[in-house]
Amino acid sequence: MHINFEYFGERIQEENYLLKAYEALDLLLEKKGPGSEFTGWVDLPVCYDKEEFRRIEWAAKKIRKDSDVLICIGIGGSYLGARAAIEALTPLVGKRGTEILYAGNHLSSEALEEILEYIQDKEVSLNVISKSGTTTEPAIAFRILRTWMEEKYGKKEAARRIFATTDKQKGALRTLAQTEGYETFVIPDEVGGRYSVLTAVGLLPIATAGIDIAAMMEGAAAAMVYTKKDPENPAIRYAVHRYDLYHRLGKQIEILVQYDPHLVMLSEWWKQLYGESDGKEGQGLWPASASFTTDLHSLGQMIQEGERNLFETVIFVDHCKKHLYLKEEGENLDGLNYLAGKTLHQVNEKAFLGVKKAHLQGGVPQLAIHLDYLDPWHLGYLFYFFELSCGIGGYMNGINPFDQPGVEAYKTSMFRELKKPGYF
């Protein structure tokens with residue numbers, strides 16, 4: 001994997017912020033910054049619990065043998081990383097093996113009812129993911145789905161098919177799991193939800209989808225080279241460029257762009273990572289996303305000629321595993337014969353280069369992140385790269401990038417509307 005930074009217009013002043021970035025990196029590595037109790041992800045790729053990792057692989061094998069469907073119940077960091085990896089690395093249509101569905105990330109009655117109708121004639125397992133077991137959306141979904149499981153299989157067999165990823169010692173879900181005899185996995189105290197994709201939170205559903213989680217961990221471990229102080233360190237450079245674009249050049253929006261529909265959910269994971277980490281104390285870049293070339297037919301005009309308050313970070317996969325060649329046709333009614341002999345990937349690559357030039361000419365700064373391949377190793381590498389750079393950037397901004405105090409505001413208001421005891 002390699003990362004290029006390309007800009008149009010005023011030069012980024014990297015040298016002015018390197019010392020600040022190095023100081024932020026020190027705070028991360030020495031665990032001395034705000035929220036340092038949640039920085040266990042920094043060395044996780046090499047210091048993870050190997051015994052639990054083996055149990056994850058065992059459980060995933062069992063689920064694949066027993067079940068047509070695994071329903072992953074969680075919200076935010078409890079499901080976004082897993083879904084990002086699974087959609088990146090498995091077919092978007094015609095999925096083989098155990099299908100992964102997602103519940104507990106909304107309050108839509110119709111959407112949950114559709115899942116219940118879909119699974120009526122299927123063999124099912126559940127993976128409920130919650131630190132406390134009381135977060136409203138997943139707790140509601142789990143209550144409904146657990147009842148369905150017990151009615152279908154009976155309590156004993158349902159318990160064999162329910163896997164709880166939760167706190168090591170306390171909480172409602174831990175208590176229920178111990179009472180009912182569910183297989184359990186740990187959400188580490190020192191790893192916050194949006195940084196937890198490389199823990200059991202993400203790894204169990206990812207492994208169940210048939211993805212090589214050992215290779216993902218190896219890729220993440222390789223990315224730990226970015227914990228070194230070096231002006232060419234891409235994690236540092238990404239944090240520095242974001243800082244300069246925001247604080248000095250006045251950019252307010254960062255659009256994460258990808259050219260492959262497999263990466264749409266990675267953008268959703270990235271938006272939570274940076275949105276909850278940066279958006280504090282009246283500051284923070286707004287994390288947006290776009291799928292090219294699709295969204296060029298809807299957002300392209302705004303990006304090209306709208307308000308100049310944004311920049312793009314583009315993820316592009318350089319090498320394609322499957323090649324479709326365009327052939328020449330006699331009548332050439334669609335005018336595409338000029339593309340004959342090219343692969344669709346080559347056309348996509350030229351689109352990337354053309355859009356880059358057009359947007360740079362339109363005054364949109366652009367950062368480019370190139371993945372050699374879209375595979376477990378490179379995805380693990382990318383996850384760690386973004387997490388590390390996010391932590392560095394948060395400390396550069398003088399905030400705690402590992403809490404999310406503002407999230408409680410909507411919950412309090414919602415609980416009052418629902419007349420929850422203690423909130424009215």
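Not measured: the values here are computed from a predicted model.
- Annotation for Lys350: atom NZ does not count as buried by contact number, only 12 or fewer foreign heavy atoms lying within 6.0 Å.
- In this structure, CD1 on Ile303 lies 6.5 Å from CG on Leu296, to the nearest 0.5 angstrom.
- When all heavy atoms of Ala24 and Ile392 are compared, the pair lying nearest together is CB-O, 3.4 Å.
- When side chains are defined from C-beta on, Leu266 counts as touching Phe383, because their heavy atoms get closer than 4.5 Å.
- Under the 4.5 Å side-chain criterion, counting only non-hydrogen atoms from C-beta, Leu198 is not in contact with Tyr48.
- A salt bridge links Lys229 with Asp26: the distance from a Lys NZ or Arg NE/NH1/NH2 to an Asp or Glu carboxylate oxygen falls below 4.0 Å.
- Summarising the geometry, atom CG belonging to Asp318 is positioned 6.5 Å from atom NE2 belonging to His345; distances are rounded to the nearest 0.5 Å.
- Taking 4.5 Å as the limit, every side-chain heavy atom of Thr184 sits out of range of all side-chain heavy atoms of Leu173.
- Between Lys228 atom NZ and Tyr22 atom OH the span is 13.0 Å, to the nearest 0.5 Å.
- Separating the CG atom in Asp43 from the CD atom in Glu190 is a distance of 8.5 Å, to the nearest 0.5 Å.
- Here CD1 of Ile73 is found 10.0 Å from CD1 of Ile144. Values are rounded to the nearest 0.5 Å.
- Here the side chain of Ser277 pairs a donor or acceptor atom with the backbone of Pro401 at under 3.5 angstrom.
- Under the salt bridge (charged side-chain N to carboxylate O under 4.0 Å, His left out) test applied with Arg54, the options Glu57, Glu51, Glu52 reduce to a single match, Glu51.
- Using a cutoff of 4.0 Å between basic side-chain nitrogens and carboxylate oxygens, Glu183 and Arg55 are scored as salt-bridged.
- Between atom SG of residue Cys72 and atom CG of residue Leu204 there is a gap of 8.0 Å, rounded to the nearest 0.5 Å.
- Val128 is not listed as a side-chain neighbour of Thr166, based on a closest heavy-atom distance of 4.5 Å or more.
- A side-chain donor from one of Gln301 and Glu305 sits under 3.5 Å from a side-chain acceptor of the other.
- No side-chain donor-acceptor contact under 3.5 Å links Asp244 and His241.
- Other residues, nucleotides and ligands contribute over 12 non-hydrogen atoms within 6.0 Å of the CZ atom of Arg308.
- The shortest non-hydrogen separation linking Ser78 to Val201 is CA-CG1, 3.8 Å.
- Across Val46 and Ala221, no two heavy atoms sit closer than the pair CG1-CB, 3.9 Å.
- Closest approach of Met217 and Leu44 over heavy atoms only: CE-O, 4.0 Å.
- Judged by a 6.0 Å distance limit and a 45° cone about the ring axis, Arg242 is not positioned over the six-membered ring of Tyr246.
- Counting heavy-atom neighbours within 6.0 Å of Met414 CE, excluding the residue itself, gives a total above 12.
- Side-chain atoms of Asp167 and Ser132 include no donor-acceptor pair closer than 3.5 Å.
- Judged by distance alone, the side chains of Ser289 and Ser267 never bring a donor and an acceptor atom under 3.5 Å apart.
- Between the side chain of Asp212 and the backbone N or O of Ala214 there is at least one donor-acceptor pair closer than 3.5 Å.
- Annotation: Tyr410, atom OH; neighbour count of heavy atoms from other residues, nucleotides and ligands within 6.0 Å is above 12.
- Glu254 and Thr313 are linked by a side-chain donor-acceptor pair at a separation below 3.5 angstrom, with hydrogens and angles left out of the test.
- A donor atom on one side chain and an acceptor atom on the other are not found under 3.5 Å apart for Tyr243 and Gln13.
- A cation-pi arrangement, defined by a distance under 6.0 Å to the six-membered ring centre and an angle within 45 degrees of its axis, is absent between Lys411 and Phe415.
- In this structure a side-chain-to-backbone donor-acceptor pair under 3.5 Å is missing from His106 to Ala103.
- Across Tyr384, Trp377, Phe385, a single residue satisfies ring pair (Phe, Tyr, Trp, His ring centres under 6.0 Å) together with Tyr381, and that is Trp377.
- Surrounding NZ of Lys327 are at most 12 heavy atoms belonging to other residues, nucleotides or ligands under 6.0 Å away.
- A salt bridge links Lys131 with Asp189: at least one charged nitrogen is closer than 4.0 Å to a carboxylate oxygen.
- Closest heavy-atom contact between Ala88 and Leu374: O-CD2, 3.4 Å.
- Using modelled atom types, no side-chain atom of Asp68 and backbone atom of Lys122 make a donor-acceptor pair closer than 3.5 Å.
- With hydrogens and angles ignored, the 3.5 Å screen pairs no side-chain donor or acceptor of Asp260 with any backbone N or O of Leu263.
- Between Val347 and Leu339, the closest side-chain pair of non-hydrogen atoms falls below 4.5 Å.
- Aromatic ring orientation, Tyr195 versus Trp41: parallel (interplanar angle below 30°, classes split at 30° and 60°).
- In this structure a side-chain-to-backbone donor-acceptor pair under 3.5 Å is present from Thr39 to Ser36.
- At least one donor-acceptor pair closer than 3.5 Å links the side chain of Gln304 to the backbone N or O of Ala358.
- Using a 4.5 Å heavy-atom threshold, the side chains of Phe311 and Ile255 count as separate.
- Judged by a 6.0 Å distance limit and a 45° cone about the ring axis, Arg83 is not positioned over the six-membered ring of Tyr79.
- With hydrogens and angles left out, the side-chain atoms of Asp372 and His319 include no donor and acceptor closer than 3.5 Å.
- Looking at Lys280, its side chain never comes within 3.5 Å of a backbone N or O of Gln404 through a donor-acceptor pair.
- Across every non-hydrogen atom of Val197 and Glu387, the tightest pair is CG1-OE2, 3.8 Å.
- Not a single donor-acceptor pair under 3.5 Å links the side chain of Tyr238 to the backbone N or O of Cys390.
- Annotation: side chain of Val42 is not in contact with side chain of Met224 (no heavy-atom distance under 4.5 Å).
- Between Leu101 and Ile119 the shortest side-chain heavy-atom distance falls below 4.5 Å.
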